[in-house]
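Take a look at the structure below.
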Amino acid sequence: MDIIQPVRGTSDLLPADKAKHNHVIETAKQGAAQFGYAEMATPMFEFTEVFSRPLGASSDVVAKETYSFEDRGGTGLTLRPEGTASAMRAIISNGLTQSLPQRWFYAGPMFRYERPQKGRMRQFHQIGCELIGPASPFGDAEIIACGVHILKSLGVLEQTVLHLNTLGDSDSRQAYRTALIAYLEAYRNDLSEDSQRRLDTNPLRILDTKSASDKDILQDAPQLHRYLTPAAQTHFEAVKEALQAASIAWVDDPFLVRGLDYYSHTAFEFITDQLGAQGTVLGGGRYDGLAQSLGGPLLPAVGFAAGIERLALLGEEQAQPVPDLVLLAAEQSAEAAIFALGCQLRTDGYHVVSMLSGNMGKKMKAANKLGARFALIAGADELGRNCVSLRNMQDGTQTEVEISVLGNWLAQQR
RNA sequence: GCGGGUGUAGCUCAGUUGGUUAGAGCGCCAGUUUGUGGUACUGGAUGUCGCCGGUUCAAAUCCGGUCACUCGCCCCA
């Protein structure tokens, strides 16, 4: 078709879709609020450095996969590809490092220039929680518990499995990284093409490979947990103990990794097998190094984000609100009086929708489609007697009611 | 960025080895019902066969390109 299309990777949220999104957002917001997380919002674009600096060596990701542009003043700006960096920037630029901890919830659109797939749009939407300040392992546990609580509230928890790993502190990770590279170098030529490249760019991500032969090679690879410093080990044990005490089930996943240096300790993902390759529904972890990479102080923090589209795909359809009344003028001369009556009824708290086009048959049909409880019908006939007809759309009974007692009549029907 | 699949009515989809006027269901419109929906029956309209080009007497059908969707890879902050 030659008609105008939405931009690739974007889509309209028609009322049924938007209702599902809103349900996800409202449920998550409420769940997060029970943990003390308050909703906030950052701008949808930032200076490009907010996203490029933390990525360091991998900053070609920003170059290739963000919507970056210069504004009219020549300033480099980027549409946010995620929420965490902006949240941390907001902590620093608002001087909130003196007012910790901060518990934040946010929801909104994010932008990534990627090949679209199901549950993976170029403009997509995320909810997220960030706990900034505490270094305690109970912070990690709290964030995970908050994710569990939200997924449970949405009725999708049982469709997911919680994968858990630790990345240790930076000493642990340095030591492990060296050992892993040394081991894999011996098999360099047997690795998949992708993994050979990753061996140079981002060796930890080889653990996340989809190649079967790579997985065979990884069978005997060094394990991260053997390289944990005592402090890192203690932290992870405490997180697990807390989860266990709260009866939160997980599977240990030593191959769950993060590529960037500012991550540390806990990493987790709630994964489903029902969305194809886009299996991660909610993911997060500790990112103690992020604030420093943004030029701030060392600031412990842990958080998660979840894709609203994916949660909506797993969740149920949401019912649209049903009007209490629909208004039908039998003839044009009655429209103004009916209009005024409708406005009064809305003031009284009723959900009232006008049927504006077509003959009586059409209006009734439209009213029926909306699922309205009552049709309020009036023509010169009724109005001459200061009355309106009220038709019960369920059983088809119709009664004439004096306008002066309409409020009482409706109240009795509740 | 790379590879596979798909694109026909508003929606879900048929359409044979290329062949004359491109179909079904749902939805939509009209009527049975001149101030009244749902159910039923009757009738009606659906359309640049994604787009551009090529092969052919002839293309929805075959070929090439392109765009979009989709599945997977890369990436996943």
Side-chain angles (χ1 to χ4, degrees), chain A residues 1-11 46 48 50-66 78 80-88 110-121 124 126 128 192-195 197-198 201-202 205 208-211 256-263 267 269 275-280 283-285 287 289-290 293-294 303 305 307 326 328-334 355 358-372 374-383 388-398:
Chain A
M1 256 174 288
D2 207 15
I3 54 176
I4 194 156
Q5 297 290 322
V7 172
R8 181 165 161 83
T10 68
S11 69
E46 299 272 355
T48 294
V50 171
F51 306 111
S52 63
R53 282 172 64 175
L55 267 65
S58 322
S59 64
D60 56 322
V61 174
V62 163
K64 286 179 186 157
E65 304 199 14
T66 56
T78 293
R80 63 180 183 194
E82 55 119 12
T84 304
S86 303
M88 190 55 86
M110 309 290 167
F111 307 85
R112 297 182 187 182
Y113 189 83
E114 297 182 294
R115 182 88 175 242
Q117 287 178 34
K118 194 186 202 71
R120 182 178 175 168
M121 300 281 115
F124 62 104
Q126 284 190 331
S192 67
E193 217 175 296
D194 286 328
S195 287
R197 184 170 37 75
R198 280 184 285 220
T201 59
N202 203 341
R205 288 217 64 90
D208 206 18
T209 186
K210 305 224 167 137
S211 152
L256 176 62
V257 289
R258 296 277 125 96
L260 301 178
D261 284 341
Y262 61 73
Y263 284 108
E269 293 184 359
L275 294 178
Q278 270 59 55
T280 299
Y287 51 96
L290 178 60
S293 71
L294 284 170
V326 291
L328 287 84
E331 60 264 350
Q332 214 177 346
S333 61
M355 300 291 105
N359 54 27
M360 283 293 283
K362 268 190 141 171
K363 287 176 176 172
M364 284 299 289
K365 220 167 190 172
N368 189 60
K369 207 175 276 181
L370 290 177
F374 290 98
L376 188 157
I377 305 164
D381 241 19
E382 288 95 335
L383 292 175
V388 293
S389 292
L390 280 157
R391 184 178 181 84
N392 183 318
M393 297 297 283
Q394 265 103 61
D395 59 24
T397 57
Q398 188 165 326

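Chain A is the first sequence line, chain B the second, and so forth, proteins listed ahead of strands; every chain is numbered from 1. These figures come from a predicted structure and were not determined experimentally.
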Margin query: Could you tell me if the side chain of A:Glu331 sits less than 4.5 Å from the side chain of A:Met360, heavy atoms only?
Written below: no
Checklist line | Nearest heavy atoms of A:Met364 and A:Leu328, plus distance in Å | finding: SD-CD2, 3.6 Å
Check: Is A:Arg198 touching bases, backbone alone, or none of the nucleic acid, heavy atoms closer than 4.0 Å?
Finding: sugar-phosphate
Next item on the list: For B:G18 and B:A60, measure between their P atoms and round to the nearest Å.
Entry: 13 Å
Check: Mind checking who B:U6 pairs with, Watson-Crick or G-U wobble, both distances under 3.5 Å?
Finding: B:A68
Notebook entry, point to check: Do we see a donor-acceptor contact under 3.5 Å between the side chains of A:Asp395 and A:Thr397?
Noted result: yes
Next item on the list: Provide the distance between the two C1' atoms, one in B:A30 and one in B:G53, to the nearest whole Å.
Entry: 43 Å
Next item on the list: Using the C1' atom on both, measure B:G7 against B:G15 and round to a whole Å.
Entry: 15 Å
Note to self: Could you tell me the Watson-Crick or G-U partner of B:G43, where both distances fall under 3.5 Å? Say none if there is no partner.
What the structure shows: B:C29
Item checked: B:C26 versus B:G4 - spacing of their C1' atoms, nearest Å -> 32 Å
Notebook entry, point to check: When all nucleic acid strands are considered with a 4.0 Å heavy-atom cut-off, which category describes A:Tyr263: base, sugar-phosphate, or nothing?
Noted result: sugar-phosphate
Next item on the list: In whole angstrom, give the distance that lies between atom CG of A:Leu256 and atom C1' of B:C76.
Entry: 12 Å
Next item on the list: Indicate, with a heavy-atom threshold strictly under 4.0 Å, whether A:Thr66 touches base, sugar-phosphate, or nothing.
Entry: base
Next item on the list: Could you check how far CD of A:Gln117 sits from C1' of B:G5, rounded to whole Å?
Entry: 13 Å
Check: How would you label the contact of A:Glu82 with the nucleic acid (heavy atoms, under 4.0 Å): base, sugar-phosphate, or nothing?
Finding: sugar-phosphate
Next item on the list: Return no unless some side-chain N or O of A:Arg112 is found under 4.0 Å from OP1 or OP2 of B:A77.
Entry: no
Check: Roughly how far apart, to the nearest Å, are B:U61 and B:C52 at atom P?
Finding: 13 Å
Next item on the list: For A:Gly119 and for A:Thr209, locate the closest nucleotide of RNA chain B by heavy-atom distance; then report the residue assigned to the nucleotide nearer the 5' terminus.
Entry: A:Gly119
Check: So what does A:Gly9 touch, heavy atoms closer than 4.0 Å: a base, only the sugar-phosphate, or nothing?
Finding: sugar-phosphate
Note to self: Between A:Met355 and A:Leu370, is there a side-chain heavy-atom distance shorter than 4.5 Å?
What the structure shows: yes
Note to self: Checking base pairs now: Watson-Crick or wobble, both atom distances under 3.5 Å. What partners B:G19?
What the structure shows: B:C57
Notebook entry, point to check: Does A:Ser52 reach the main-chain N or O of A:Thr48 with its side chain, forming a donor-acceptor pair under 3.5 Å?
Noted result: yes
Notebook entry, point to check: What's the CG-C1' distance between A:Asp208 and B:C76, to the nearest Å?
Noted result: 9 Å
Item checked: Interatomic distance where CE belongs to A:Met121 and C1' belongs to B:A68 [whole Å] -> 12 Å
Notebook entry, point to check: Is there a side-chain contact between A:Val326 and A:Met393 (heavy atoms, below 4.5 Å)?
Noted result: no
Checklist line | Counter-base of B:A24, judged by Watson-Crick or G-U geometry with both distances under 3.5 Å | finding: B:U12
Next item on the list: Just call it for A:Arg205: base, sugar-phosphate, or nothing, with non-hydrogen atoms closer than 4.0 Å on any strand.
Entry: base
Notebook entry, point to check: Reading nucleotides 27-40 of chain B from the 5' end, what letters show protein touch, with B for base, S for backbone sugar-phosphate only, - for no heavy atom under 4.0 Å?
Noted result: -SSS----BBBB--
Item checked: Donor-acceptor pair (no angle test) under 3.5 Å: A:Arg120 side chain, B:C75 base -> yes
Notebook entry, point to check: Expressed as a whole number of Å, how far does the C1' atom of B:A14 sit from that of B:A9?
Noted result: 13 Å
Check: Who does B:C73 pair with, Watson-Crick or G-U, both distances under 3.5 Å?
Finding: B:G1
Checklist line | Integer-rounded Å distance: B:A77 C1' and A:Gln126 CD | finding: 10 Å
Check: Roughly how many Å is it from CG in A:Leu275 to C1' in B:C71, rounded to a whole number?
Finding: 13 Å
Next item on the list: Would you name the heavy atoms of A:Ala330 and A:Gly379 that are closest together and state the gap between them?
Entry: CB-CA, 3.8 Å
Next item on the list: With sequence neighbours left out, write down each residue that passes side-chain contact (heavy atoms from CB on, under 4.5 Å) with A:Arg258, or none if nothing qualifies.
Entry: A:Leu167, A:Leu256, A:Tyr263, A:Ala267, A:Glu269
Note to self: Rounding to an integer number of Å, can you tell me how far A:Lys64 NZ sits from B:C74 C1'?
What the structure shows: 10 Å
Notebook entry, point to check: A:Asn202 CG to B:C75 P: how many Å, rounded?
Noted result: 8 Å
Item checked: Gap in Å between the two C1' atoms, one belonging to B:U16 and one to B:G23, rounded -> 14 Å
Item checked: Heavy-atom side-chain proximity of A:Phe51 to A:Thr66 below 4.5 angstrom -> no
Check: Do A:Pro81 and A:Arg112 come close enough that some side-chain heavy atom pair is under 4.5 Å?
Finding: yes
Item checked: Gap in Å between the two C1' atoms, one belonging to B:A68 and one to B:A77, rounded -> 28 Å
Check: With respect to the side chain of A:Arg8, which nucleotide from B:C74, B:A68, B:A77 is positioned closest?
Finding: B:A68
